[in-house]
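Below: one structure, written as structure tokens.
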Amino acid sequence: MSEQVDNLIRKEYAAGFHTLIDADTLPPGLNEDVVRFISAKKGEPDWMTEWRLKAYRAWTEMAEPDWAKVKYPPIDFQKISYYSAPKSMDDKPQSLDEVDPELLATYEKLGIPLHEQEMLAGVAVDAVFDSVSVVTTFRKKLWEAGVIFCPISEAVHDYPELVKKYLGSVVPQKDNYFAALNSAVFSDGSFVYIPKGVRCPMELSTYFRINEMNTGQFERTLIVAEEGSHVSYLEGCTAPMRDENQLHAAVVELVALDNAEIKYSTVQNWYPGDAEGKGGIYNFVTKRGICHTNAKISWTQVETGSAVTWKYPSCILKGDNSVGEFYSVALTNNYQQADTGTKMIHLGKNTRSTIIAKGISAGKSDSSYRGLVRINAGAEGARNFTQCDSLLIGDQCGAHTFPYIESRNPSAIVEHEATTSRVSDDQMFLCQQRGLDAEKAVSMIVNGFCREVFRELPMEFAVEAGKLLEVSLEGSVG
Amino acid sequence: MSEFQQQALELARQQQAPDWLAPLRTSGADQWAQAAWPTRRTEQWKYTPLIPLQKTWFNRWGEPDLAQAGSIDWIDPEASRLVFVNGRFAADLSSNDLPAEVVRFAEAGPEQRALIEQHLGQVVDSERHLFAALSNAWTDDGVLLHVPAGQQLSGPLYVVHVSTPEAEPTPAGQRLLIVLDSGAQASVVEHFASTADSQSGFVNSLTEVVVGDNARFRHCRVHLEQEDLIHVGGVHVNLGRASHMNGFTLAQGSRLKRIDYQINHRGEGAELVLNGIYLPRNRQLVDYHTNVEHCVPHCTTSETFRGIIGDSSRAVFNGRIHIHPDAQKTLAELSNKNLLTSDRAEVDTKPELEIYADDVRCAHGATVSQLDPTALYYLQSRGISRLEAEVMLSFGFINELLREAPEPALQAWLRRHLNVLLGRPEQLTRHLDTGIEDSLS
Amino acid sequence: MLSIKNLSATVGDTTILRDLSLSVKPGEVHAIMGPNGAGKSTLGNILTGREGYDVTGGSVEFDGKNLLELDTEERAREGIFLAFQYPVEIPGVSNMEFLKAAVDAKRAHHGQEELSSVEFMKLARETCKQVRMDQAFLKRGVNEGFSGGEKKRNEILQMMLLEPRLCILDETDSGLDIDALQSVSDGVNAMRTADRGFIVVTHYQRLLDYIEPDFVHVLAKGRIVKSGTKELAKELEAKGYGWLDSEVA
């Protein structure tokens with residue numbers, strides 16, 4: 001009976017969105033039709049459409065989380081447009097000359113090569129095609145190794161069984177408000193599959209698809225590492241976007257099967273808003289990985305961008321002897337707010353986790369570490385070590401630590417330490433006396449403070465991260 | 001409004017309180033009535049469900065048998081004490097010659113009444129602390145200790161609250177107000193005890209303290225009631241300029257035991273030492289929430305809480321230190337260590353730092369572990385039985401804090417009752433704290 | 001007194017002892033030497049019944065009893081004493097409380113009455129003097145904040161108070177200066193009697209200049225590869241352990 005009703009309803013809707021399909025950009029607003037439209041636009045199979053709708057329905061029942069230590073005006077989700085087709089070449093700047101010089105100056109400081117600058121700025125010139133072909137060469141090499149690395153929209157068509165099996169297996173549709181929203185409307189993202197025993201021959205990164213970023217604020221990434229495989233994945237959000245208070249709600253799911261290892265590094269530098277606190281990205285991201293027996297997931301993040309960050313890359317240590325790591329640097333300046341940390345859920349025996357979180361607050365910003373270490377009753381011999389250090393620059397900012405520790409197994413050892421310090425006058429004096437200017441001195445001290453995290457980053461990212469801090473700290477000292 | 005909230009208001013209506021307490025009672029009742037009843041999503045009560053309270057029907061105030069309460073083991077029989085039984089003052093059990101600085105609300109003279117009206121309900125933030133609102137609504141008596149400027153209370157004052165079972169579940173309020181004027185000194189021990197019988201009561205206790213400039217305050221609060229008793233309590237303190245507080249607290253668990261400490265550094269240069277021990281076992285729960293507000297510069301906080309969690313019990317610890325803008329040159333340290341001694345025990349701890357000033361030195365640490373197997377082996381290799389070795393190590397874990405308890409008589413009493421505290425036969429604790437090493441020259 | 005026959009043992013998946021046999025008679029001092037990782041410390045841990053060490057074969061008899069059946073504390077009360085290479089710190093428990101608990105446990109085991117506090121204190125003080133340890137250490141937490149030398153003296157103090165039948169000294173000389181080594185050795189030598197046996201585990205010959213062994217055994221890869229008199233120790237000192245490989249092969 002109810003099935004029949006469902007079918008009827010679906011039919012009606014089917015008529016409704018035919019016309020919509022022709023449109024390239026949806027008007028603001030979110031309802032089931034919009035979800036169907038997005039799914040149809042991508043030519044998705046029914047199961048995928050249903051999956052999205054389930055998420056959408058859950059989302060309508062959920063409340064926006066308010067526990068994070070961040071403040072922002074209420075978001076009107078009906079005023080956001082959830083689909084716009086990629087901009088045509090005509091709309092894009094035709095050369096770097098047309099790109100905002102301030103933006104270019106930033107790239108320059110970051111040491112990003114010219115053709116990459118063009119990519120980042122979304123310049124529609126041959127360089128982009130060059131990079132596309134570069135991507136294709138990569139793909140061939142990966143294909144030979146058996147590694148699948150493609151947009152998730154392609155994976156839905158080409159590898160439906162894998163997607164069906166793993167999508168939502170780590171971050172279910174109803175996991176949280178923003179994850180539900182993402183599940184309903186995600187635009188695109190990456191899919192990575194590393195077959196059994198394969199060591200991915202190169203670092204994978206999302207640079208190549210940054211062009212498409214203009215369209216999507218709701219990416220979805222899924223990485224599956226089969227038994228005994230190994231992959232290192234880099235996510236570089238180094239394109240400062242110029243839009244005002246744009247919502248970015250991504251979901252990343254990692255599956256590390258027995259003996260597999262996934263290393264996921266992020267350098268996030270979304271537009272943080274201007275010095276007055278106007279504009280900037282709301283970065284509400286759900287990242288989580290599951291570790292099976294002897295598997296390891298390592299999250300490394302350098303967060304310097306976004307007006308508001310709400311992000312807790314987490315590990316579910318399900319298998320015995322599995323390992324979770326979280327290395328984080330979160331820098332806030334001006335009016336930025338970051339509430340970030342991790343969850344380590346110890347289920348298996350002898351599971352181990354390490355958390356090193358460094359928060360740097362400058363200007364009038366607020367930076368919070370929020371973490372959960374949970375030792376379940378079965379996690380015999382589990383071990384966690386957490387260290388959270390905060391560095392304050394100036395007396396207008398805030399640095400906070402909210403670690404939750406829940407332990408239900410006596411053989412587990414959990415240790416948490418947190419300290420707060422500032423860039424001291426003595427340190428500054430020493431540096432300046434040796435001839436460094438104030439900004440250089442601060443950036444040196446901050447870099448030293450973050451060293452433990454930077455050394456976890458792949459080499460070229462580490463350099464970039466260091467420079468990024470320098471840029472982000474500009475104007476933070478008298 | 002939840003059923004329990006309504007019951008509690010009905011109980012307030014049954015009371016006959018002095019008229020001059022009416023404003024406090026009314027505002028308390030209003031806040032209580034308007035408050036949202038905590039759920040699992042309420043951060044302050046995330047790990048501590050109030051179900052035992054909701055499931056008990058509290059109909060009427062108690063009419064305790066005072067004589068029965070006389071059987072408890074006084075910590076310092078010689079010291080001045082006020083004794084309350086199920087919230088009722090027990091004159092026969094209390095000292096005859098209380099110091100002049102002490103008075104019950106019911107017997108307060110005009111000046112004392114003015115002082116009570118000035119401070120009672122003012123130190124505690126009853127918007128933030130739900131059960132403080134209830135305490136306000138229920139206040140019909142209480143104790144005022146007022147030490148005038150430059151004076152010192154001669155000995156420690158014991159305020160003892162004894163619970164005894166009655167035919168029906170009995171609620172009891174306990175209210176203490178301490179005002180130390182500038183340069184005054186006092187030592188107070190709050191002793192929550194019960195007769196050995198199974199209890200059915202609910203104690204809602206609230207202590208407010210105003211520590212004046214340069215005043216020195218020593219405070220101990222021990223919660224040693226039988227495990228069926230429900231106790232929700234709070235200690236709220238304002239510290240004046242260059243004042244000093246040395247606080248010690250200890251709690252055994254019960255069906256529901258929740259103690260809040262709220263200390264506000266209000267005057268520059270105030271110093272706080274706060275140590276706590278919690279020892280739940282069986283199926284008990286203990287929840288300590290501490291919150292230290294550094295509002296002004298140059299203050300220090302040193303806070304250490306340790307817990308031994310056995311059997312199927314659970315401990316909750318939430319220690320927050322909040323450094324306001326301008327509270328420069330703050331030194332604040334918080335340490336929380338937990339020992340789980342059983343497979344079914346659980347601890348949920350959350351040490352929080354909220355910092356808005358840069359020239360500060362703050363640190364916190366938390367650990368959860370079991371008894372060190374190497375140390376156990378070491379003791380066993382010297383012929384000490386496994387059980388006694390466990391007890392020795394458990395004792396060692398809390399002994400540092402016992403040693404710092406600011407009232408010697410309490411220290412000695414606790415050491416005499418280690419077997420009770422650790423829930424082990426005396427045979428296993430007999431080598432501890434015999435004082436043998438103290439007799440060495 | 002002690003008879004170890006074909007003892008094999010593992011830690012986790014690793015075999016540490018293989019077919020080890022050793023017999024100690026009352027009054028004898030046996031030195032066990034060997035390169036790092038030979039299994040020297042394991043022997044002490046096995047004989048005292050430390051958790052995590054699994055006996056996979058062989059037998060150990062002590063005064064006619066099957067030692068392997070007993071708990072750690074029962075072995076201690078029977079008279080087996082291990083002086084730890086790294087004595088454990090136990091903050092909050094005073095040395096005095098700890099020592100009295102141990103002595104009481106042993107006396108109870110042998111059907112003797114407990115010493116009164118006064119008697120015990122007197123005994124403890126005298127013993128302190130013998131090992132040249134300041135009495136203040138009796139009041140402090142067990143090994144808490146003790147220097148390396150103080151910890152080792154504290155081990156010897158315990159040994160003297162417990163009057164064991166068999167003493168196992170595990171690398172007792174490591175980290176000691178000459179002065180501490182002298183007083184620790186004096187303590188041990190004072191304990192040498194006709195009814196007490198010693199197993200002295202050490203990497204260096206140095207200790208054996210102070211505590212003269214009756215027998216020297218070389219342990220390598222979990223088995224005794226060579227036995228001899230104290231001359232063997234000197235030979236090892238001169239040649240190192242490398243030459244044994246060829247000899248054994």
Side-chain angles (χ1 to χ4, degrees), chain A residues 63 65-67 69 359 361-362 364-425, chain B residues 41-43 46-47 297 308-312 314-328 330-373:
Chain A
D66 59 359
W67 40 261
K69 201 173 171 57
S361 313
K364 294 185 163 62
S365 70
D366 261 303
S367 174
S368 302
Y369 168 82
R370 185 181 304 276
L372 169 67
V373 174
R374 177 180 290 155
I375 312 288
N376 271 35
E380 210 52 36
R383 187 89 175 78
N384 162 265
F385 176 76
T386 301
Q387 179 158 353
C388 299
D389 298 318
S390 306
L391 186 70
L392 293 104
I393 302 172
D395 58 2
Q396 307 280 302
C397 53
H400 320 296
T401 318
F402 306 100
Y404 293 73
I405 301 165
E406 304 173 0
S407 182
R408 290 181 185 83
N409 189 306
S411 65
I413 300 178
V414 181
E415 282 178 88
H416 170 96
E417 287 170 15
T419 65
T420 300
S421 57
R422 65 166 184 162
V423 176
S424 79
D425 296 342
Chain B
R41 293 182 166 273
T42 313
E43 184 64 25
K46 183 176 162 77
Y47 296 108
I308 303 174
I309 302 108
D311 305 325
S312 296
R314 207 151 61 81
V316 179
F317 177 78
N318 193 123
R320 177 171 180 262
I321 292 178
H322 181 185
I323 317 286
H324 293 250
D326 299 338
Q328 298 291 9
T330 292
L331 295 180
E333 281 182 3
L334 166 66
S335 158
N336 173 235
K337 293 188 177 178
N338 298 279
L339 274 186
L340 294 181
T341 60
S342 139
D343 288 346
R344 288 150 289 139
E346 174 179 341
V347 63
D348 301 301
T349 172
K350 183 177 158 218
E352 289 179 55
L353 285 175
E354 259 184 77
I355 298 176
Y356 291 96
D358 63 334
D359 191 6
V360 299
R361 230 171 53 222
C362 296
H364 70 209
T367 63
V368 182
S369 60
Q370 63 181 342
L371 294 171
D372 175 7

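So that the names make sense, note that chain A is the first sequence line, chain B the second, and so on, each numbered from 1. None of these values were measured; they are calculated from a predicted model.
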TODO: State, yes or no, whether a side-chain contact exists between B/Leu353 and A/Thr420 at a heavy-atom distance under 4.5 Å.
DONE: yes
TODO: Counting only heavy atoms closer than 4.5 Å, note whether B/Asp359 contacts chain A via side chain, backbone, both or neither.
DONE: both
Task: Distance (rounded to the nearest 0.5 Å) between A/Thr401 OG1 and B/Lys350 NZ - done: 11.5 Å
Task: Close side-chain approach of B/Tyr356 and A/Asp366, heavy atoms under 4.5 Å - done: yes
TODO: Answer whether the closest heavy-atom distance between the side chains of A/Pro410 and B/Thr341 falls below 4.5 Å.
DONE: no
Open item on the list: I'd like to know which of A/Ala377, A/Ser421, A/Cys397 tops the heavy-atom pair count under 4.5 Å against chain B.
Closed with: A/Cys397
- [ ] Select one option (side chain, backbone, both, neither) describing which atoms of B/Phe317 are under 4.5 Å from chain A's heavy atoms.
- [x] neither
Open item on the list: What's the separation between atom OH in A/Tyr404 and atom CD in B/Glu352, rounded to the nearest 0.5 Å?
Closed with: 6.5 Å
TODO: Report the distance from atom CD1 of A/Ile413 to atom CD of B/Gln370, rounding to the nearest 0.5 Å.
DONE: 7.0 Å
- [ ] May I ask you to name which of B/Ser369, B/Ala357, B/Pro351, B/Ala363 has the most heavy-atom pairs under 4.5 Å with chain A?
- [x] B/Pro351
- [ ] Could you grab the distance from atom CG of B/Asp343 to atom CZ of A/Arg408, nearest 0.5 Å is fine?
- [x] 14.0 Å
Task: Contacting region of B/Gln328 [heavy-atom separation from chain A under 4.5 Å] - done: side chain
Open item on the list: Could you measure the distance from the CD atom of A/Glu406 to the CG atom of B/Asp348? Nearest 0.5 Å is fine.
Closed with: 5.0 Å
Task: Options A/Asn384, A/Asn409, A/Leu392, ranked by heavy-atom pairs under 4.5 Å with chain B, top entry - done: A/Leu392
Task: Non-hydrogen atoms of B/Asp358 and A/Gly394 that approach each other most closely - done: CB-O, 3.2 Å
Task: Contact class of B/Thr349 relative to chain A, heavy atoms under 4.5 angstrom - done: both
Open item on the list: Show the nearest heavy-atom pair for residues B/His364 and A/Pro403, with the distance to one decimal.
Closed with: NE2-CG, 4.0 Å
TODO: Flag the one option from B/Glu346, B/Glu43, B/Arg41 with the top tally of heavy-atom pairs under 4.5 Å to chain A.
DONE: B/Glu346
Task: Expected output: side-chain A/His400 to main-chain B/Ile355 donor-acceptor under 3.5 Å - done: yes
TODO: Measure A/Ala412 against the heavy atoms of chain B and call it side chain, backbone, both or neither at under 4.5 Å.
DONE: backbone
Task: Contact class of B/Lys46 relative to chain A, heavy atoms under 4.5 angstrom - done: side chain
